[in-house]
Structure formats: C-alpha cells, structure tokens
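Okay, so here's the structure we're looking at.
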Amino acid sequence: MIEIGLPKLDEYLNGIPDGKTVLFHIEPGMEESNIAMHVLYNNIKKGIKGIYVVSETSLKNVERKFAEYGCNIKEYDIIFIDGYSSLIGAPSDAEYIVEEPHDIRCYEDVLLEVFDKVEKGIVVFDSLSNLMDMCGERDALEGIERINNEISKAGHNGVYNFIAWPYKESILYRVRRIFNAIIEVKSLDAIGRQVMEIKKHDWGNGEGKKIEFKIFKPDGIRIYIPKITVIGPAKSGKTAFIKALSREFTSVDRLGTTVGIEHGIVDYKGYRAEIFGIPSYERFQPLIDKFGSSSMGVFLVIDATAPHTFQQAKEMLSKFQNLPCVIVANKSDLPNALSKEEIKNRMSIDAPVVEVNSVSKRGVYEAFEILANKIMECLNAG
Amino acid sequence: MKEIYKKIINDLESKANIEGACIVSRDGLLIYSNMKDVHAESFAAMSATLLSSAEVAMDEIKEGVPKIVVVEGKNRKIVAMGAGPNALLAVVTKSNIEEIYEVLEKTAKEISEALGKK
C-alpha cells in the first residue's frame, strides 16, 4: 500500500493498494504538471523503491526538479529508465536506456527486465501524453495496458502524469479504461486555486471527492486552504492564537491592539492554510468586509473567562454565515474559565467549541484539524 | 495563467527599475510573485491591507479611489496600485514614482485584462 501524500485525498482513496495504477489527468497549462513526482518523493522517503520512466526531459532536468523540492535523488533508491536521451541522440548516465523511444514495446522490454529485479516498487511515468505523442496514441495505450497488467501481477504501483490535451473522445475513453484510479487536476480560477477530484476509483467509493491543493517550493504539495479568517472580541487573544498556530506570522499591533490585518501561514499534517486575523474594533469594519470575503472558514476566538463578551462575538459571526466555524475558547486554563459545555449553552451557536490555551498551545492544532475537516466537508458538499 | 503573469512582470522589469513585484488579489491572496528573500504571502496580505486601508481613508474624505499608495523607506519604496476590481500590483523599487508611474499603470491594466480572461 502506498499513499499520495495528501492526507484527505489518501483518506478518500483509502490508500493505493499494491498492484493498482493511478492516472493524474492534468489540465494543460497548470502551474506544475509533474504531480507523479511528488507522489514518488512521498513514497521513496518511506523506503519504497522508485522506478522513474523519463520520456520528455533529460535526467539532469529531472534531478534539478527534485532538488527544487529539497530532494537529492542520489540519496534515494530510484531506478531511472531513460527514454529521452536516445530521442535527441545524447549520451545517458541512466542504468536503463530505451534505445527506440518511438516504440512502446522497447519501454515494455526495459520495464519487464526491471520488474524481474525489483520486489516492490512505485513506477512513475512522466508522461503518458508524451509516450502517446512519441509512440502513437493507440500503440502507446495498448502497451501501457500490458505494462499495467505486469504492474498488477507483480504488486507494484503505477503513477502516471497525463496532460489532457484535446485528444479524440475514443482515445480518452481508452485512457479511462486502463487505470484503476483517475484523479483530475485542474485550476479553479485566475487567482491560481487548483483542485484534484477523484474521477475513477475501482477499489473504493471516493469518486467525486475533491481537495484544493497547491505546490510550494521547496515544501512540495499541500492541501491548500487559501483563507481562514480569525475574528473575536477585543482582548480575546486572537493574535496569540494565530501566533501559536502559525509557522510564519506577521502582525500589525500598536499599544497591544491589532490595527491591521494579521497574517499567518499554517503548515500542519499535509495542510497549508493562510490565516487572516481581523481587528475587532468597529472602526475597522471596512477591513472585515474586504478581507472576510472569499474566506473558507472562521475561527471565532472568545475569552473563556469573559462571558459578557459572548454576545458581541455572536454578532461578529453574523457576517460569516454559512461558513464552517470553530469556536476557540481561549484562556481556558485559567481558574475562572467557563467549561466547553457552559460556553456552548451560552453561545447557542451550531459550531464545535475547542478549549485552547494559546500560550501552551493546548488545543490549538485540535481546533485547526476540526475546522480543516469541516472546510473539506463543505468543499465536497458543493 | 502563471506564465502570463510571469510575462507581464518580466515586461515590467524590462521597462522600469523594479527590485521585485507581486500580483495580489484584492482580499490579500498571493497570485504571483518574483520577489526573493521575502515571505511573499505575508507581503501580499500586507500590500492588500495598505491599498484597502488607503481606499477606506480616501473614501472618508470623499476623494474616491486612490491611484497609488507609496510607502517610502530609507532606501526603497513599496508601491501598491489597483489592477482592476479583483487584483493589485505591488512593487519594491528605488525609482522615483514619476519615472515609473506610467509603466506601472500599463502593467496594472494588463493584469486586470489577464484576470478577466479566465
């Protein structure tokens, strides 16, 4: 069993069992089209053998690309099958070379030889669309079907990049048939938001499930939540909460009061989220209107020792109706703090309450996980 | 789209003395950046805050939408300019604003058009 390396997507897929193949069906023009490389990196880090079939760029470029994401490929157990050097008549350092890269059977010959030597591995094809261009669409797909059968028999895994150029529907139909899972990768808008959606899943029922993602250098691929807004009454501890949660944090505070937008970046368990803290005073209301828009979820931070501020907190939340929300009961370690149940009763808002101490970070990541899950549910509910 | 933004910013850099630039959504999300050694996401959020706050302040004095926001540092400036209804352009430069204003305005227009295409 291998994993993609994106927690929620792996949950929807229930991992990738041995022998299964996955195709990343990638919209042309995406910022990063080599998704399979990230899957490979995630698995070789765990000690799984990698087999990388290069057909559209040089090995040097592949090495450079891995290095951009902090991976020195020489430190890992990867076999490279080079179908590119012969194409341009260049010498190759690869252990395995495809002498006739216009013939898919030559790729098969080399792969069979490798499969005989490797007990269990993950085979990455970069890319199927390029093989189809080089070897002819039908011939390439027939060859890939045979390769996938071998992958299945040997218990390896196959991961393919496929740039979805406007091929004929009959060819696309054939592409869809020969893989166990298909994950569509596309952009959502001009701002650069991108989603992955499971289109085929023959060992489970993940079809239709999607995640938003982004690829960061050098951190790699992450489930991406572009905006979570943090609101709450004055002195409830919004700044301390964002600071406790964030890997990077930028604040604009003067005399102990936040006077502008605070910004934090959260990196947690395969998630990357951007956190926008909004000042609490009414005079900053226009900023709430501008920056609260396009938010995917809300942390409502309250001071668990100050029930007189709860009504104001509820009013602040009215601007974010229908968005996933978590109530962060800050300062909950103090002796006069109200309990979770008391807060729930007094607030009477249909949102989970998490007891937090931003200083010790108790409950901080629990709150994030609950909100991130709710945001994912919301994304998948349409 | 990234290639289009990259081209727009490269063009800007070829015409004006700019140290770095980024394209940001009006609500503070980074769309594209070529800035090095900065937390581009934070810079983007703060640049959007600058422009938004300036817009609100200008509105208070009934002066309409600000054309440009300039923050002068010891050696360099941050310049933020609206690029259509959905984005803004933020640059770091040592140049005088008069020297680069026209090219910034043209760049902002190109960004606005590119965003409108998607």
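Numbered from 1 within each chain, the chains take letters A, B, ... in sequence-line order. What you see is a predicted model, and the numbers here were worked out from it, not measured in a lab.
- Residue contact with chain A, scored on non-hydrogen atoms closer than 4.5 Å, is absent for B/Tyr32.
- Taking chain B as the reference chain and counting heavy-atom pairs below 4.5 Å, the highest number among A/Gly29, A/Ser295, A/Ser294 is found for A/Ser294.
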* Verdict with supporting geometry, A/Phe216 and B/Glu41, side-chain contact (heavy atoms from CB on, under 4.5 Å) -> CA-CA 12 Å; A/Phe216 298 91; B/Glu41 284 88 358; 4.0 Å; yes
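- Within residues 6-22 of chain B, no residue has a heavy atom under 4.5 Å from a heavy atom of chain A.
- Counting heavy atoms of neighbouring residues, nucleotides and ligands inside a 6.0 Å radius, atom NZ of A/Lys227 exceeds 12 of them.
- Looking at B/Leu50, neither its backbone nor its side chain comes within 4.5 Å of chain A, counting heavy atoms on both sides.
- For B/Ala87, no part sits under 4.5 Å from any heavy atom of chain A, backbone or side chain.
- The contact between B/Glu55 and chain A is made entirely by side chain atoms (from C-beta outward), counting heavy-atom distances below 4.5 Å.
- The structure places CD of A/Glu262 at 11.5 Å from OG of B/Ser42, a figure rounded to the nearest 0.5 Å.
- The local environment of CD in A/Glu68 is crowded, with over 12 non-hydrogen atoms from other residues, nucleotides or ligands closer than 6.0 Å.
- Rounding to the nearest 0.5 Å gives a distance of 8.5 Å between CD of A/Glu32 and NZ of B/Lys2.
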* Asked: Taking it one step at a time, do A/Phe276 and B/Leu29 satisfy side-chain contact (heavy atoms from CB on, under 4.5 Å)?
  -> CA-CA 10 Å; A/Phe276 286 70; B/Leu29 297 177; 4.0 Å; yes
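- The number of heavy atoms from other shown groups lying within 6.0 Å of CZ (B/Arg76) does not exceed 12.
- Heavy-atom proximity under 4.5 angstrom to chain A picks out nothing from residues 60-72 of chain B.
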